[in-house]
Amino acid sequence: MNFVKRAGLSLSGRRSRTAALLGVFVVICALLLGGFLLRGAAARQEADAQRAVGVDVTVGRKGLTADLADRLDVPGLVHRYTAELPVRAVPRGFTPLTSGGPGAGGGGRRERGALEVHGVRDLGLLLPFSYGSTRITSGRGIGPGDAGAHVAVIERRLAERNGLAVGDTLRLRSTDGRRSAVSRIVGVFRDPTRDPARPMPSHMLPGNLLYVPMATARRLGTGPARVDRAVYRIGSPDRAERLHTEAARVLGGGGLRFTVNDKAYRDQVRPIQRVGAFADLVVHVIALAGALILSLLVTLQVRERRGELGVLLALGEKKWKLLGQHVVEVAAVALPALALAALAGALGGQRVGDAFLDHHGDGDTDSRNSSGSGSGSGSGTVAAGAPDAPLAAPTVRVGPADLGRVAGIALGISLVATVVPGIGVLRLHPRSLLLDAA
């Protein structure tokens, strides 16, 4: 009789043992599939977090220009970047803030360059905004899409002083009076820095700071377009060395200031990586434990069937066919167990992703709150960045790749669980098997 047919008759004749073996396999396959789903959700969540949070690298050097900063935007390495070009400008049609008193620089319209205008490419990457201490209260910030637009973001104190709001027009003139710019206000921000108690020049007042695209700042500038600093967002800390090498090549190593901030990355991405590592460990432990448990069950079954094995060997059945029969029996149970595990994963897999996001949501909020407590001055300290938006729940679904991995491991467990104990028994002589069974 064909050993495959014998395997089918054996499974149908021993229904209770088949059901027990099926239950063990369902648990093993479900746990394996859960581990793969968790690992996949962690990988997708990590990729999203790297794009949203990343690592901010601040690069500065004497003589840094916007063109040189653009050259460090290496494809595949830098996700976002911005440069900051500070210039002075004269207001036209509105009044700047003044601190008043002696030493204030004359105040009002008579002061030369009463406004501090910073040209930026991506406002959200600047240190005060990354900290969260400086926030957009109305409208929006300046992004890469505004490179050729005539837009501006102003501080709320300047807006309140002149009755300006989002949508209004702002007119500026260069300090030499030769060039002018007309910009539309697209956002109003709030700088928590208080007005100084002592008299200061108007351009040093926090309320007289406004942001425009780089092209507008270049137009208003009267000297060399020297960039104050450039901020680059990369995916992970291990990529910082590559960016440093590129910065040294483009800018030269002398006087290069290169500061890496990975606090937000550590706070939000590292826990996700630990979950992924834990999922890998779970998969390996389950595979090993499943192989041991099934090996024990098969060993007990094989020993109970010593008489059957002895009769078949005495009738001239080849040993590899007897071993193949047991492999087929276990593998035949593994396939429906895999289908049941896949059904359970399809029904409850998304809950894994939702629970995963909820588990890390509190940590993300704490990180953003702690980031907001820093100073927004933007001096030598690098700010802890926060994600631009809450991370979306990872989509968890049972895919063919996951099922293929679980099926491969399940079949591997079946092979190990039958071959290892089967070899020990089949090494005996048929007469010994019959005597032991009697």
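The first residue in the sequence is number 1, and the count goes up from there.
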Colleague: Run Asp67 and Arg218 through salt bridge (charged side-chain N to carboxylate O under 4.0 Å, His left out) and show every step you take.
Modeller: CA-CA 12 Å; Asp67 293 336; Arg218 287 174 173 173; 3.5 Å; yes
Colleague: Do Leu170 and Val182 have side-chain heavy atoms sitting under 4.5 Å apart?
Modeller: no
Colleague: Would you kindly say whether His244 and Glu246 are connected by a side-chain donor-acceptor distance under 3.5 Å?
Modeller: no
Colleague: Please confirm whether the backbone N or O of Val188 pairs with a side-chain atom of Thr137, one donor and one acceptor, at under 3.5 Å?
Modeller: yes
Colleague: Do Ser130 side-chain atoms and Leu126 backbone N/O form a donor-acceptor pair below 3.5 Å?
Modeller: yes
Colleague: Between Asp238 and Ser236, does the side chain to side chain donor-acceptor pair (under 3.5 Å) criterion hold? Intermediate values first, please.
Modeller: CA-CA 6 Å; Asp238 55 5; Ser236 57; 2.3 Å; yes
Colleague: Does a side-chain heavy-atom distance below 4.5 Å link Thr259 with Val57?
Modeller: no
Colleague: Between the side chain of Arg88 and the main-chain N/O of Gly113, is any donor-acceptor distance below 3.5 Å?
Modeller: yes
Colleague: With sequence neighbours excluded, tell me which residues meet side chain to side chain donor-acceptor pair (under 3.5 Å) with Arg161.
Modeller: none
Colleague: Determine which pairs satisfy salt bridge (charged side-chain N to carboxylate O under 4.0 Å, His left out) with at least one residue from residues 138-157, sequence neighbours left out, and list them in order.
Modeller: Arg140-Asp146, Glu155-Arg157, Arg156-Glu160, Arg157-Asp195
Colleague: Just by distance, do the side chain of Arg61 and the backbone of Gly254 share a donor-acceptor pair under 3.5 Å?
Modeller: yes
Colleague: Does NE2 belonging to His79 count more than 12 external heavy atoms closer than 6.0 Å?
Modeller: yes
Colleague: Mind checking whether Leu296 and Leu292 have side chains closer than 4.5 Å, heavy atoms only?
Modeller: no
Colleague: Give the C-alpha distance, both sets of side-chain angles, the deciding distance and a yes or no for ring pair (Phe, Tyr, Trp, His ring centres under 6.0 Å) between Tyr232 and Phe258.
Modeller: CA-CA 11 Å; Tyr232 300 87; Phe258 192 91; 8.7 Å; no
Colleague: Is a side-chain donor or acceptor of Arg405 paired with a backbone partner of Phe36 at a separation under 3.5 angstrom?
Modeller: no
Colleague: Can a salt bridge be assigned to the pair Asp280 and Arg39 using a cut-off of 4.0 Å between side-chain N and carboxylate O?
Modeller: yes
Colleague: Report yes if the side chains of Arg257 and Thr58 come closer than 4.5 Å at any heavy-atom pair, otherwise no.
Modeller: no
Colleague: Is a side-chain donor-acceptor pair under 3.5 Å present for His118 with Glu84?
Modeller: yes
Colleague: Below 4.5 Å, heavy atoms only, C-beta onward: do Leu164 and Ile185 meet side chain to side chain?
Modeller: yes
Colleague: With no hydrogens and no angle check, is any side-chain donor or acceptor of Asp168 less than 3.5 Å from a backbone partner on Ala165?
Modeller: yes
Colleague: Report the C-alpha distance between Val55 and Asn261 in whole Å, list the side-chain angles of each, state the deciding distance to 0.1 Å, and finish with yes or no for side-chain contact (heavy atoms from CB on, under 4.5 Å).
Modeller: CA-CA 6 Å; Val55 175; Asn261 159 49; 5.6 Å; no
Colleague: Between Arg179 (side chain only) and Gly221 (backbone N and O only), is there a donor and an acceptor less than 3.5 Å apart?
Modeller: yes
Colleague: Is the shortest heavy-atom distance from the side chain of Ser183 to the side chain of Thr169 under 4.5 Å?
Modeller: no
Colleague: NE2 of His284 to CG of Leu32: how many Å apart, nearest 0.5 Å?
Modeller: 10.5 Å
Colleague: Given side chains that start at C-beta, do those of Leu123 and Phe129 come closer than 4.5 Å, heavy atoms only?
Modeller: yes
Colleague: Under 4.5 Å between any side-chain heavy atoms of Val117 and Pro86, yes or no?
Modeller: no
Colleague: Would you confirm whether Asn162, through its side chain, and Thr95, through its main-chain N or O, come within 3.5 Å as a donor-acceptor pair?
Modeller: yes
Colleague: Examine distances only and state if a side-chain atom of Asn208 and a backbone atom of Ser202 form a donor-acceptor pair shorter than 3.5 Å.
Modeller: yes
Colleague: Is it true that Asp176 and Arg173 have a side-chain N and a carboxylate O under 4.0 angstrom from each other?
Modeller: no
Colleague: Could you give me the CA-CA distance, side-chain angles and deciding distance for Arg171 and Ser180, then say whether side-chain contact (heavy atoms from CB on, under 4.5 Å) is met?
Modeller: CA-CA 7 Å; Arg171 291 178 171 83; Ser180 62; over 6 Å; no
